[in-house]
There are 2 protein chains.
Amino acid sequence: MKKKVTIHDLAKMLNIDSSTVSRALANSPRVKQKTRDLIQAKAKELGYSRNVVASNLRSKRTLTIGVVVPYISRYFFSTVIAGIEEHATENGYQVIICQSHDQIEREQQMIQTLLSYQVDGLLVSISMETENTDHLKHVLNQEVPLVLFDRKCNGLSLPTIHIDDFQMGYEATKHLIDQGCRRIVHFTGSDQISIYHDRKQGYCQALKDHGLVVSEELILTSALKEADGKLLAQQVLDMPLRPDGIFCANDLTAISAMQLLIEKGVKIPEDIAFVGFSNEPLGNYLSPALTSVNQNPKEIGKVAMQTLLGELSTKPSPDTDRLVPAHLVVRASSLKKG
Amino acid sequence: MKKKVTIHDLAKMLNIDSSTVSRALANSPRVKQKTRDLIQAKAKELGYSRNVVASNLRSKRTLTIGVVVPYISRYFFSTVIAGIEEHATENGYQVIICQSHDQIEREQQMIQTLLSYQVDGLLVSISMETENTDHLKHVLNQEVPLVLFDRKCNGLSLPTIHIDDFQMGYEATKHLIDQGCRRIVHFTGSDQISIYHDRKQGYCQALKDHGLVVSEELILTSALKEADGKLLAQQVLDMPLRPDGIFCANDLTAISAMQLLIEKGVKIPEDIAFVGFSNEPLGNYLSPALTSVNQNPKEIGKVAMQTLLGELSTKPSPDTDRLVPAHLVVRASSLKKG
DNA sequence: CTGTTAGCGCGTTCAC
DNA sequence: GTGAACGCGCTAACAG
């Protein structure tokens, strides 16, 4: 019913110029306090609301940032987004969220769309498929700040927020060793993907540091999809010499692997101890026998947004990477008694 | 580096008018195929990308819809959003997502912001606190289509997407009765909130239809926060006559209630059978003893978006509510053997 | 088929 | 302190 009220409407009613109204609404000190109050009162009275689209066009900033993640409904990502969103809102920024479905083509298209929306900055967790980085370079050419999180990008030097994957791989493995495990399997993903690469390196280093040998047949590589968990677990059960520990570099896979083990009557951690990555709230409930690496997704989101805000204000980006502290969540019932 | 290319740049280079360029890029048949091709080729060559903000200002539509949910990181909502997003993208719409944190104040503010962004439509799951609906009326006054999902709004007649809560409450309770339960507790929320009201009605009706009495002391009301689960479960254990079935009208609460029961050594379903609401992937993993109502969140998102698209094209909104089919997920291990 | 004109609503000069 | 004028990039309306 009510037509949209513009600053011109307000101006006419008060017999002043629209630019004054504009300034008053922006609380500019260049307009007398009295007229400011008057204008703001009238604005509220008429239910005026600023047309952000017009404002954006003129001011060439949208106070909007774009976020691209593989899947919004994965707990890790939705929690990262919650962190981003909270911190963004506090700083007056809006957030537009897109899913890439882990497909580079969609990722490229979404980023292009976000750019055409004139977003002020971009927060991206690149897809598993992403090897070609032309679309990311394109973003930089447009001088739009870009911060990555979770997944690092090989070719390009970009600020990236992630946990210390090497360190956590090391700690996870050390935990198993401390529990008395001597034959520890590692489920990993493509070595091209740096998070998996690094976690594996941490695993290897921990073994070496504790006088254990790194054996290739204990390192099982897969796409780490949910279904892979059961396949991998079965592979472990079929091994002639049964392993006594598993470190899985991925959350979904860890869960489904544990499922199979439990179904098959394997006692965890007595028969095989298990360390996975966190998939809260699953990790909280699923199995008290699951030790996991808590990646702190909300914190990752917060730090990512902070970093982007930094880029937004000052051009120089000194630090390339920022590590978010992660830690092992060990439950009493996940400890071997022996 | 590269400055942003505008249609004027293209126009000058090709010695034609900018409006022709505009039409060509919109693939309007009013431009000769040949010049269209020429222009589009040049556009691609120079890396032109339409300034959507300017376009929106002029065309008075943003092809953007706003979504407001209590918490983005809850599985139910993030999955609804995934459904919305998929269907929106397919139809050329962008999605902006906001969290209300279940606070009416934030909800009002977010909706106001989205309106100032000139969104073409709004999809809202109202907060638990929402009783005053002025801000929703305001949306309608602005003639912006508004569709609710999950939570219904009492005062206002608005298209709302939800499951058949009465029916599911009935089925859940009937399932317990069929398993041999005779003393069935119901965890419910505020009777003001229609989903809880309806689920409770279904519970009551099922009892009556099967010759059981509705007993007030078996109906436990709380805010249904996560922490309430444990409190409620303890209450059940403390009852002089121990119940043999529980129907919980909420996901988070169901999970934490089960947790406590399991901790206390209660055998589910042998001692007490349990039906909750789905919180996938939790429901899949947590406990094979948990029967739950699958609310089909992705489908809810899809239907919500469809409904909104309908409102977006044709003004009349005939149907006020749309029910999304839900169903009980019963696992073999959740059946009482007796 | 294409060009011309005139804004969309707001922010930013400049003068005053 | 305030107002007039202009332009952001694009598109609707009307010519021709």
Side-chain angles (χ1 to χ4, degrees), chain A residues 2-40 42-43 46-64 92 113 115-120 142 144, chain B residues 2-40 42-43 46-64 92 113 115-120 142-143:
Chain A
K2 271 185 221 156
K3 281 208 158 174
K4 303 224 168 139
V5 187
T6 75
I7 50 173
H8 299 292
D9 300 333
L10 289 176
K12 252 173 237 159
M13 304 189 69
L14 298 171
N15 273 329
I16 49 177
D17 193 85
S18 53
S19 61
T20 307
V21 177
S22 174
R23 281 188 287 251
L25 294 173
N27 242 318
S28 157
R30 290 186 51 193
V31 35
K32 220 190 315 178
Q33 184 67 46
K34 230 177 177 176
T35 42
R36 236 191 291 172
D37 292 343
L38 184 69
I39 293 169
Q40 292 181 356
K42 198 76 184 172
L46 298 190
Y48 164 83
S49 104
R50 176 222 240 66
N51 183 329
V52 176
V53 175
S55 174
N56 287 345
L57 174 61
R58 185 58 231 197
S59 61
K60 297 199 174 238
R61 51 188 316 223
T62 54
L63 290 175
T64 300
T113 306
L115 284 180
S116 71
Y117 269 71
Q118 316 296 108
V119 292
D120 291 344
Q142 308 271 320
V144 174
Chain B
K2 272 184 218 157
K3 282 205 155 178
K4 302 226 170 140
V5 187
T6 75
I7 51 173
H8 297 292
D9 300 333
L10 289 176
K12 254 174 235 157
M13 303 188 68
L14 298 171
N15 273 329
I16 48 178
D17 194 86
S18 55
S19 62
T20 307
V21 176
S22 173
R23 281 189 286 250
L25 294 174
N27 241 320
S28 155
R30 291 183 53 194
V31 174
K32 214 193 315 177
Q33 185 65 46
K34 231 179 175 177
T35 42
R36 235 191 291 170
D37 292 343
L38 185 69
I39 293 169
Q40 293 182 356
K42 199 77 184 171
L46 298 190
Y48 165 84
S49 106
R50 183 216 308 278
N51 183 329
V52 176
V53 176
S55 171
N56 287 345
L57 174 62
R58 185 61 234 210
S59 61
K60 298 198 175 238
R61 56 194 306 230
T62 54
L63 291 175
T64 301
T113 305
L115 285 180
S116 70
Y117 267 70
Q118 316 295 110
V119 293
D120 292 344
Q142 306 272 321
E143 304 196 323

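Numbered from 1 within each chain, the chains take letters A, B, ... in sequence-line order. As the structure is a computational prediction, the values presented were derived from the model and not from experiment. Computation of the quantities below employed the complete heavy-atom set of this structure, encompassing side-chain atoms and omitting hydrogens, waters and symmetry-equivalent molecules.
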Under 4.0 Å between a side-chain N or O of [X] and OP1 or OP2 of [N]?
X        : N       : answer
Ser22(B) : dT11(D) : yes
Thr35(A) : dT2(D)  : yes
Tyr48(B) : dC10(D) : yes

Determine the contact category for [X]: base if any of its heavy atoms lies under 4.0 Å from a base atom, sugar-phosphate if only primed atoms, P, OP1 or OP2 are that close, otherwise nothing.
X        : value
Asn51(B) : sugar-phosphate
Ser19(A) : base
Thr6(A)  : sugar-phosphate
Arg50(A) : sugar-phosphate

Rounded to the nearest angstrom, tell me the gap between atom [atom1] in [X] and atom [atom2] in [N].
X        : N       : atom1 : atom2 : result
Lys60(B) : dA13(D) : NZ    : C1'   : 15 Å
Ile7(A)  : dA4(D)  : CD1   : P     : 14 Å
Leu25(B) : dA12(D) : CG    : P     : 13 Å

- Heavy atoms of chain A, cut-off under 4.0 Å: which first and last nucleotide of DNA chain C, 5' to 3', fall inside that, if you could look? dG9(C) to dC14(C)
- Between Arg58(B) and Lys32(A), which has a closest nucleotide on DNA chain D that is more 5'? Lys32(A)
